[in-house]
Amino acid sequence: MSEEPNPAEPAHTSAEQTRTSADAVENRGAVAEAAAPEVWHRVHPLTPILESIGVLVGIVIAAAYGLQNFIQSAVEDLATGKSVDLTFAGWLRSHPLVILAVVGGIILILLLTAFFSWLAWRVMGYRVDAEAIYYRRGLLSKKLRKARLDRVQSIDLQQKLLPRVLGMAELVFDVAGGTDSNISLKYLSKKRAEELRDELLRTVRTKKQQGTNAPEGETRAVASEDGSVSAASPTEPVGSAPAIGGLGTGPESGVDRSVPERGDDSLGVRLTKRLGAMADGFSSEAEGSLGDLLAPYHLSPRVGDEGEIIRVPVHRVVVASLLKTETLISVIVVLAVVATAIVMLALGIKEAFIPILVGVLPGVFAAFSVFRKNLDNANFVVRLGESGLAVNHGLFSTSRKVIPLDRIQAVCLHQPLLWRWAGWWQAEYNIASDSSGNDSNLLLPVGDVDQALLMVGLALPDPQLPEGVAADTLVRSAMYDRKSTHPQSADAEALFYGQPRSSRILDPLVWKRRAYALTGSLLVLRLGALDRRVDFVPHVRVQSLRYHQGPLMRARGLGTVSVHSTAGPIDPRVTHQSDEDAKRFFIEHAERTRIARQRFDSAGKSVHTKRTQTLEEDDG
């Protein structure tokens with residue numbers, strides 16, 4: 001009795017053969033990749049010289065210091081009627097071989113420096129593969145740095161003054177795992193640096209999206225830093241950065257657009273989800289969507305070429321820098337010392353005149369240093385991009401970075417005393433990152449009220465205010481307190497809880513201004529008296545809370561609650577409230593932030609669960 005063939009068997013066999021063939025191709029590709037030779041690329045030939053420029057500058061400074069002492073001694077001798085001591089110069093004229101030896105020694109040092117720089121350049125290099133970027137250097141002491149691409153959080157392009165003049169740039173890789181894991185690739189030609197940065201950003205974005213899209217329950221092999229392989233957690237995406245408070249992956253991966261808009265997303269993140277990759281071509285639709293999202297702030301933003309939304313002119317940065325408190329203090333100290341020297345001269349104390357003027361030089365250098373640091377924010381340009389806000393700035397040294405809006409933890413507005421006449425404000429932020437504290441945390445170095453509102457609106461979620469109170473009304477009330485001229489300022493002011501009168505002894509200047517307000521998504525803190533300040537902390541970004549009561553506060557019946565954020569310029573605190581109010585705020589806000597975090601996470605988890613179910617159905 002013959003049996004009829006099962007029609008499903010050939011199909012099953014064919015499917016198995018197809019999978020076996022695909023696996024073989026994949027294995028051959030992996031073997032070929034493993035067998036591929038390591039291709040190392042050299043950095044710019046001038047890199048060793050630029051890195052050792054500090055030594056040359058030190059030599060010049062030492063020579064200048066000696067020359068300064070000689071000039072000071074000569075001027076003092078002339079001021080007292082004495083002849084200038086030129087004994088050493090006469091000795092040099094009578095011993096020309098000494099001059100030749102010194103010149104020859106300098107030439108020899110330069111030649112040796114050039115030779116060792118060439119040797120150092122020969123061993124410097126970088127290599128990129130599918131998993132990481134490697135950077136090696138060191139002539140006597142060899143060093144090899146590795147940054148896994150799925151751990152890279154941002155790639156900044158920086159140009160200091162001298163490299164910028166020479167057409168060179170530096171790539172700085174912010175890698176999850178602490179500041180010691182960061183890599184600085186010095187130096188490449190600017191064109192090559194830009195090409196490499198764009199290429200790596202695409203690779204980083206792809207790898208992180210692959211890690212995020214991997215089905216739940218699947219165990220994946222992850223290569224560790226020492227080359228070993230371990231099993232990754234089935235619930236954690238491969239290569240995800242250690243999210244602080246569960247904040248997700250790094251900025252350069254872009255915003256996960258598979259997750260629908262959430263109420264606690266910042267408006268900038270919601271805009272990115274709507275429009276996708278916006279930096280490559282903006283349209284009236286992009287500008288319209290931006291205007292719709294910022295409607296609570298009553299703004300009409302303009303989107304310029306390449307997504308430009310803000311450009312801060314150089315003259316504004318210069319004037320604002322001169323009007324900063326630290327610059328004014330340095331200038332006042334210098335002027336006071338010069339005035340003292342002039343008074344000494346007028347009183348006939350000539351011996352003290354020159355030393356005082358020479359002693360003021362460090363103060364002049366300090367004032368210039370402060371001013372120059374502020375000039376680093378000149379030509380500040382903000383553009384909307386698919387990964388966040390793309391920021392370019394710098395006058396002598398330039399820098400290009402991306403501010404990931406989905407990882408901003410807190411925002412503050414700051415107005416120094418002398419900026420009031422112009423109505424200027426500065427915007428800063430805290431971010432969940434392992435980068436060093438030397439990086440700038442500026443959203444806006446200096447701008448008018450509308451520009452400040454624009455940056456606050458993009459970096460923060462919708463405030464979720466009661467009916468009748470607009471977002472710009474709340475922010476303006478926080479900025480100007482009772483001096484706000486907005487028609488709805490009284491309604492917004494009713495949302496703020498001020499400090500009790502018993503705190504006036506501890507805060508005699510600011511107790512009337514200090515206050516906090518709670519909205520559906522934000523904690524708003526109004527601070528400062530001479531220098532105004534406003535802090536914004538989204539409920540979903542709060543790390544923890546701490547109640548504090550020192551002996552003086554205990555005597556006055558007061559308490560303070562610290563709202564912990566990530567490291568940065570913002571340290572939010574609800575200060576010197578009555579003991580009862582502070583404890584009630586502590587308990588209620590802890591529950592408020594927990595619910596906000598739970599709601600925020602559940603929206604993302606539900607989407608990934610649906611995606612996993614869809615993948616399982618497709619496999620079935």
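We count residues from 1, following the sequence as given. Note that the structure is predicted; figures quoted are calculated from it, not measured. Worth knowing before you read on, the calculation uses all heavy atoms, side chains too, and leaves out hydrogens, waters and symmetry mates.
Going from atom CG of L454 over to atom CZ of R302 covers 13.0 Å, rounded to the nearest 0.5 Å. To the nearest 0.5 Å, atoms CG (L460) and CZ (R541) are separated by 10.0 Å. In this structure, OG1 in T566 is found 10.5 Å from OH in Y429, a value given to the nearest 0.5 Å. To the nearest 0.5 Å, atoms SG (C412) and CD1 (I570) are separated by 4.0 Å. Atom-to-atom distance recorded for E131:CD and R148:CZ is 8.0 Å, nearest 0.5 angstrom. Going from atom OG of S399 over to atom CG of N377 covers 10.0 Å, rounded to the nearest 0.5 Å.
When atom types are taken as modelled, the side chain of D156 and the backbone of V172 share no donor-acceptor pair closer than 3.5 angstrom. Although no hydrogens or angles enter the test, the distance criterion places a donor-acceptor pair under 3.5 Å between the side chain of Q159 and the main chain of M168. For the pair H393 (side chain) and D376 (backbone), a donor-acceptor distance under 3.5 Å is present. Between the side chain of Q451 and the main chain of D448, a donor-acceptor pair closer than 3.5 Å is present. The backbone N or O of A410 sits nowhere less than 3.5 Å from a side-chain atom of S565 that would complete a donor-acceptor pair. The main-chain N or O of V317 is found under 3.5 Å from a side-chain atom of S321 such that the two form a donor-acceptor pair. Remark: the backbone N or O of V43 is paired with a side-chain donor or acceptor of W121 at under 3.5 angstrom.
Two residues are said to be in side-chain contact when any heavy atoms from C-beta on lie closer than 4.5 Å; L294 and P301 meet this criterion. Here the side chains of R145 and R137 are not in contact, with every heavy-atom distance at 4.5 Å or above. Looking at heavy atoms from C-beta onward, R197 lies out of side-chain contact with E195 at the 4.5 angstrom threshold. Considering only heavy atoms from C-beta on, Q409 stays 4.5 Å or farther from I431 through its side chain. Residues V123 and K142 have side chains in contact (heavy-atom distance under 4.5 Å, counting atoms from C-beta outward). You'll find the side chain of I309 reaches within 4.5 Å of the side chain of L458, heavy atoms only. N392 places a side-chain heavy atom less than 4.5 Å from the side chain of R383. A heavy-atom distance below 4.5 Å is found between the side chains of I310 and L444.
Heavy atoms only, all atoms of each residue included: A452 and W425 are closest at CB-CB, 4.1 Å. For the residue pair L413 and A427, the shortest heavy atom distance occurs at CD2-CB, 3.8 Å. Between A169 and L157, the shortest heavy-atom contact is CB-CD2, 4.0 Å. Of all the heavy atoms in W40 and Y134, the pair that sits closest is CH2-CB, 3.7 Å. Of all heavy-atom pairs spanning A459 and L443, the tightest one is CB-CD1, 4.0 Å. Taking each heavy atom of S117 and P48 in turn, the nearest pair found is O-CG, 3.3 Å.
Y187 and H44 have their aromatic ring centers separated by at least 6.0 angstrom.
With a 6.0 Å cutoff to the six-membered ring centre and a 45° limit on the axis angle, R127 does not count as a cation-pi contact of Y135.
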field: CA sep, side-chain torsions, deciding dist, call: L200, F173, side-chain contact (heavy atoms from CB on, under 4.5 Å)
entry: CA-CA 10 Å; L200 290 176; F173 295 81; 3.5 Å; yes
query: Checking side-chain contact (heavy atoms from CB on, under 4.5 Å) for the pair V402/V391: CA distance, chi angles, key distance, verdict?
result: CA-CA 6 Å; V402 174; V391 175; over 6 Å; no
- request: Please lay out, stage by stage, how V382 and M455 fare under the test side-chain contact (heavy atoms from CB on, under 4.5 Å).
  value: CA-CA 10 Å; V382 181; M455 300 310 291; 4.1 Å; yes
message: Evaluate L196 against L185 for side-chain contact (heavy atoms from CB on, under 4.5 Å), listing each step before the verdict.
response: CA-CA 11 Å; L196 181 61; L185 184 56; 3.9 Å; yes
task: List the steps, then state whether salt bridge (Lys or Arg N to Asp or Glu O under 4.0 Å) holds for R533 with D531.
output: CA-CA 7 Å; R533 182 184 177 100; D531 286 2; over 6 Å; no
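Aromatic ring pairs are classed by plane angle as parallel below 30°, tilted from 30° to 60° and perpendicular above 60°; the pair W424 and W419 is perpendicular.
Summarising the local packing, CZ of R42 is surrounded by more than 12 heavy atoms from other residues, nucleotides or ligands at distances under 6.0 Å.
Side-chain atoms of D450 and Y297 form no donor-acceptor pair, as typed in the model, at a separation below 3.5 Å.
With respect to I408, the side chain to side chain contact (heavy atoms under 4.5 Å, CB included) criterion is satisfied by exactly one of N430, I403, L389: I403.
For R311 and E308, the salt-bridge test passes: some basic side-chain N is under 4.0 Å from an acidic carboxylate O.
For L119, the side chain to side chain contact (heavy atoms under 4.5 Å, CB included) criterion is met by F115, F116, L139, not counting sequence neighbours.
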